[in-house]
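A short worksheet on the structure shown next.
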Number of protein chains: 2
Amino acid sequence: MTPKEKHDFTKERLLNEAEALFAQKGYDAVSVRQITAAAHCNLAAVNYHFGSKQNLYLEVFRARWVPRARRLQEYFGKFFAAQDSHSPTTVAKSLAEAFLIGPLSDEERQRHHQLMARELGQPTEAFELVAEQVMRPFIKGLAETLRSFMPEGQGEERLMLNILSMFATVLYFSFAHMAVTRITGREYDAAFKARLVEHITEFSVKGLGGIEKGALL
Amino acid sequence: MTPKEKHDFTKERLLNEAEALFAQKGYDAVSVRQITAAAHCNLAAVNYHFGSKQNLYLEVFRARWVPRARRLQEYFGKFFAAQDSHSPTTVAKSLAEAFLIGPLSDEERQRHHQLMARELGQPTEAFELVAEQVMRPFIKGLAETLRSFMPEGQGEERLMLNILSMFATVLYFSFAHMAVTRITGREYDAAFKARLVEHITEFSVKGLGGIEKGALL
DNA sequence: GTTTGTATCAAACGATCGTTTTAAAGTCAA
DNA sequence: TTGACTTTAAAACGATCGTTTGATACAAAC
């Protein structure tokens, strides 16, 4: 194994372990020593490869979180396009499907949403990255899609609130995974996740459906 | 000022400042020195009055969070009782009203929801306290109220999911305050908060309304 | 006036933090 | 084989962490 390959592997192991630990415990609760121990490398590796702990955190978003978010958005796009009809309901269903089942493993999904939730509650420099490169374009696209189902020039703000509420619900059932399990007594097996998709779709339809052409109010 | 009074004041200042800092930055990101500096008392005061930093955190929930949650629930109960008719819609409206406007100052509300969000994402011993003493009884009461509007013996799980989704939405718009402002460009003034209550009520009605007797599906 | 108990204080404890240094091990080109 | 360069390693840096100690101030009890 060449040094360059070893280098790359070490760097990637650090990114993986760092992301898992940051998602699980938060930035301050994780030490560089924990990360390097989990990645089976030397303590100094973080500062050698990333310059600082803070920059490793940012790189986790640049190299892991943002690409994964793009994969999620792609999955959503394809799932939505595959629906035989398009309406606010199918938008909601596709979103729930992508974010709660989708292409990610359970562990990956929870990492993803926990990191997002931490940045939502206490934005750092990483939030700028995520907001500009991922959230804004995706929300903009969603809004354009949904706008075609509503009367013209009406309720741009309402549209935004509904989109945010959908994300809120989806995010909640991922990042509060453990708490939901403890409150409801239900495990997150395939059946329950499918049930959640159904629920979130239905729950979201009113907000979106209220802006559907000719929908009953 | 007697020692006992001085003691009490110090202890309460510690609880106040600790809660604010824990909510704002999280447990690990706050040092005992920061807390005692903010409370204008000696470093040793935390261990003298509370035994440890960890126990101070727990005491924040016992002495501050839980009582405030009870005030919120009382406010909800009175607001709901004051409605001239009762339906899933008025339940949703009362919840949004209590949690987004209600009896709390903006700062208090954000503290409250940020602490809750942190425990939801990463439950500690404090979550047991909150779940048993606050969440379970409140959710149980809500479920009983809502059950009277739905067909018998149907959708107990659906009821739970809808209640959780309502809390998810309400929580989101409080704890992600800063992020929502940066994404939407809207400040959380009185007008926007009233708009949020209206939105959340409407957004939640489908899930709850779907179980309303004779509701249109 | 002495004792008792409570609260606060400065100071220091050992442990751990993020980071830096210095040396060693390795590959690759010349 | 030499020299340049990249990566890993052990050790130590100063700073800060949560906690403990011992002294001091002071009101209340006797």
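Worth saying up front: this structure is predicted, and the values here are computed from it rather than measured. All chains are named by letter (A, B, ...) in the order of the sequence lines, taking the proteins before the strands, and each is independently numbered beginning at 1.
- Listed nucleotides C:dA11, C:dT19, D:dT6 differ in distance to B:Leu43; the shortest reach to its side chain belongs to C:dA11.
- Whole-Å rounding puts the B:Phe50 CZ to D:dT19 P distance at 13 Å.
- The phosphate of D:dT6 has neither OP1 nor OP2 within less than 4.0 Å of any side-chain N or O from A:His49.
- Side-chain N/O atoms of B:Ser31 include one lying less than 4.0 angstrom from OP1 or OP2 on D:dC17.
- One can place CG of A:Asp28 at 14 Å from C1' of C:dT16, the figure rounded to the nearest angstrom.
- Of the charged side-chain nitrogens involved, none lies within less than 4.0 Å of a carboxylate oxygen, so that A:Arg13 and A:Glu17 do not count as a salt-bridged pair.
- Comparing B:Ala44 and A:Arg33 against DNA chain D, the residue whose closest nucleotide sits nearer the 5' end is A:Arg33.
- With salt bridges taken as basic N to acidic carboxylate O contacts below 4.0 Å, none links A:Arg147 and A:Glu144.
- The base of C:dA7 lies outside donor-acceptor range of the side chain of B:Asn42, with no N or O pair under 3.5 Å.
- Rounded to 10 degrees, the angle between the two end axes of the helix from C:dG1-D:dC30 to C:dA30-D:dT1 is 10°, with five pairs used at each end.
- In this entry the distance linking CD1 of A:Ile35 with P of C:dT16 reads 17 Å, nearest Å.
- Atom-to-atom, CG of A:Asn47 to C1' of D:dA9 comes out at 14 Å; the value is rounded to the nearest Å.
- As rounded to whole Å, 7 Å separates atom P of D:dT6 from atom OH of A:Tyr48.
- We find that B:Lys193 and B:Asp106 are joined by a salt bridge, their nearest charged nitrogen and carboxylate oxygen being less than 4.0 Å apart.
- Protein atom CG of A:Leu14 is 13 Å distant from nucleotide atom P of C:dT19, rounded to whole Å.
- With hydrogens and angles disregarded, no donor-acceptor distance shorter than 3.5 Å links the side chain of A:Lys93 to the backbone of A:Gln83.
- With hydrogens and angles ignored, the 3.5 Å screen pairs no side-chain donor or acceptor of B:Glu187 with any backbone N or O of B:Thr181.
- Taking atom NZ of A:Lys53 as the reference point, atom C1' of C:dG18 lies 8 Å away to the nearest angstrom.
- Proximity of a side-chain donor or acceptor of A:Asp28 to a complementary backbone N or O of B:Asp28 within less than 3.5 Å is not detected.
- The shortest distance between the side-chain N/O atoms of A:Thr10 and the OP1/OP2 oxygens of D:dT8 is below 4.0 Å.
- The separation between A:Lys25 atom NZ and C:dC17 atom P is 11 Å, rounded to whole Å.
- Ring geometry, A:Tyr188 versus A:Phe192: the interplanar angle exceeds 60°, so the pair is classed perpendicular (tilted spans 30 to 60°).
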